[in-house]
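First the structure, in the form of structure tokens, and then the observations on it.
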Amino acid sequence: MNDVALTLKNIDFRYGQSEKVNEALFIFENLHLYLRKGEFVSIIGPSGSGKSTIFRLITGLEHSDAGTILIDGKETGNRLGEVGYMPQEDLLMPWRTIIENAALPLEIQGMKKVQAYHKVRPLLAEIGLGGYEDYFPKDLSGGMKQRVSFLRAALTGSHVLLLDEPFSALDAITRISMQEWLLKQWRMLEKSILFITHDVNEALFLSDRIYVLTGYPKKPIQEITVPLNRPRQLLDLNKPKMLALKDQLIGQLRGGSR
Ligand SMILES: Nc1ncnc2c1ncn2[C@@H]1O[C@H](COP(=O)(O)OP(=O)(O)OP(=O)(O)O)[C@@H](O)[C@H]1O
Ligand SMILES: [Mg+2]
């Protein structure tokens with residue numbers, strides 16, 4: 001399938017050494033998931049259900065015990081370099097200013113500093129960080145750091161973006177404007193996005209499909225196609241079929257922690 005950006009096939013994974021294997025360390029058995037080119041897919045599931053672990057497997061920070069991970073249909077040695085990854089914990093470099101942090105992927109791609117800053121400056125302003133370019137991460141709030149970290153991931157050359165709860169530290173209003181900004185970037189930059197969130201509304205508003213990791217591996221991962229056309233309005237979430245889907249998902253999340 002050449003329209004697939006990312007595939008996980010038959011993945012087995014557990015944390016810890018094989019000689020110490022026990023049920024509690026078990027994470028995935030025969031996990032399958034995929035992301036089409038240009039698609040926006042969310043992963044939702046209770047805390048501890050393995051969402052961030054999926055990203056660590058994709059980036060190669062953890063190694064699966066069995067199975068295959070393909071990017072654009074190919075197995076590659078250095079997957080961390082092939083995807084734009086925003087980890088759950090903020091990994092900004094404390095010794096670099098905000099603009100230096102955000103511009104890092106452009107510099108790695110060989111762009112001159114002056115050009116990189118020229119490109120990043122208006123983007124920082126768009127995400128509400130105009131005027132903070134020369135601050136250091138320690139001088140920003142959690143939500144502001146999240147936005148820088150998000151921009152940095154979005155600026156990597158890769159068309160596959162892995163975003164691990166990128167907006168969890170934001171207040172409701174900033175979160176909505178970041179979601180809208182993300183959709184705009186997604187369309188404009190033609191990225192394929194895998195997005196982790198705890199927020200059912202966020203997943204429904206943003207995604208083409210949603211993977212639900214509830215009670216996995218006892219229950220199979222559920223896959224839901226969001227029945228909304230694009231462009232979307234937040235008010236679309238109030239349609240009866242969307243309210244019913246939201247109730248169903250919340251019920252699954254509440255009923256199915258590991
Ligand atoms: N380095 C590790 N060593 C051993 N177990 C780990 C390690 N990292 C995570 N785990 C365990 O693996 C399980 C899944 O963790 P993971 O971080 O993937 O969950 P999550 O779904 O992202 O949770 P949250 O929503 O809280 O971020 C948890 O039970 C966790 O305790
Ligand atoms: Mg996590």
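Both counts, for ligands and for their atoms, begin at 1 and track the order of listing. Side chains included, hydrogens not; waters and symmetry mates left out as well; all remaining heavy atoms used. Numbers here simply count residues along the sequence, with the first being 1.
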Using the salt bridge (Lys or Arg N to Asp or Glu O under 4.0 Å) rule, take K184 and E126 through it: C-alpha gap first, then chi angles, then the decisive distance, then the call.
CA-CA 11 Å; K184 198 174 105 194; E126 274 188 43; 3.5 Å; yes
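With a cut-off of 2.8 Å, the Mg ion (ligand 2) has no N, O or S atom of T53 in range. With 2.8 Å as the limit, S52 counts as an N, O or S neighbour of the Mg ion (ligand 2).
Of the possible polar contacts, none joining the K246 side chain to the L237 backbone as a donor-acceptor pair under 3.5 Å is found. Looking only at distances, no side-chain donor or acceptor of D164 sits under 3.5 Å from a matching main-chain atom of M86. No side-chain donor-acceptor contact under 3.5 Å links Q146 to the backbone of G143.
Heavy-atom contacts of H198 reach the following atoms of ligand 1: 25 (O) (cutoff under 4.0 Å). Those atoms of ligand 1 with a heavy atom of T53 less than 4.0 angstrom away are 14 (C), 15 (O), 16 (P), 18 (O). Taking every non-hydrogen atom of E165 and a distance limit under 4.0 Å, the qualifying atoms of ligand 1 come out as 25 (O), 27 (O). Using a 4.0 Å cut-off to heavy atoms of S49, the atoms of ligand 1 that qualify are 19 (O), 21 (O). Counting the atoms of ligand 1 from 1 in the order shown, those under 4.0 Å from a heavy atom of R56 are 8 (N), 9 (C), 17 (O). Applying the 4.0 Å criterion to heavy atoms of P46 picks out, from ligand 1, the atoms 21 (O). Heavy-atom contacts of Q88 reach the following atoms of ligand 1: 27 (O) (cutoff under 4.0 Å).
Enclosure of atom CG in N229 is not indicated, since only 12 or fewer non-hydrogen atoms of other residues, nucleotides or ligands lie within 6.0 angstrom.
Checked for salt-bridge contact, R230 and D208 meet the test: a charged N lies under 4.0 Å from a carboxylate O.
Ring centers of F167 and W181: at least 6.0 Å apart, outside the cut-off.
Checked by distance only, ligand 1 and G50 come closer than 3.5 Å through their nitrogen or oxygen atoms.
The closest approach between G45 and ligand 1 stays at or above 4.0 Å for every heavy atom of the residue.
Side chains of T59 and V83 form a contact here, defined as non-hydrogen atoms less than 4.5 Å apart.
With a 4.0 Å cut-off on non-hydrogen atoms, I196 does not touch ligand 1 at all.
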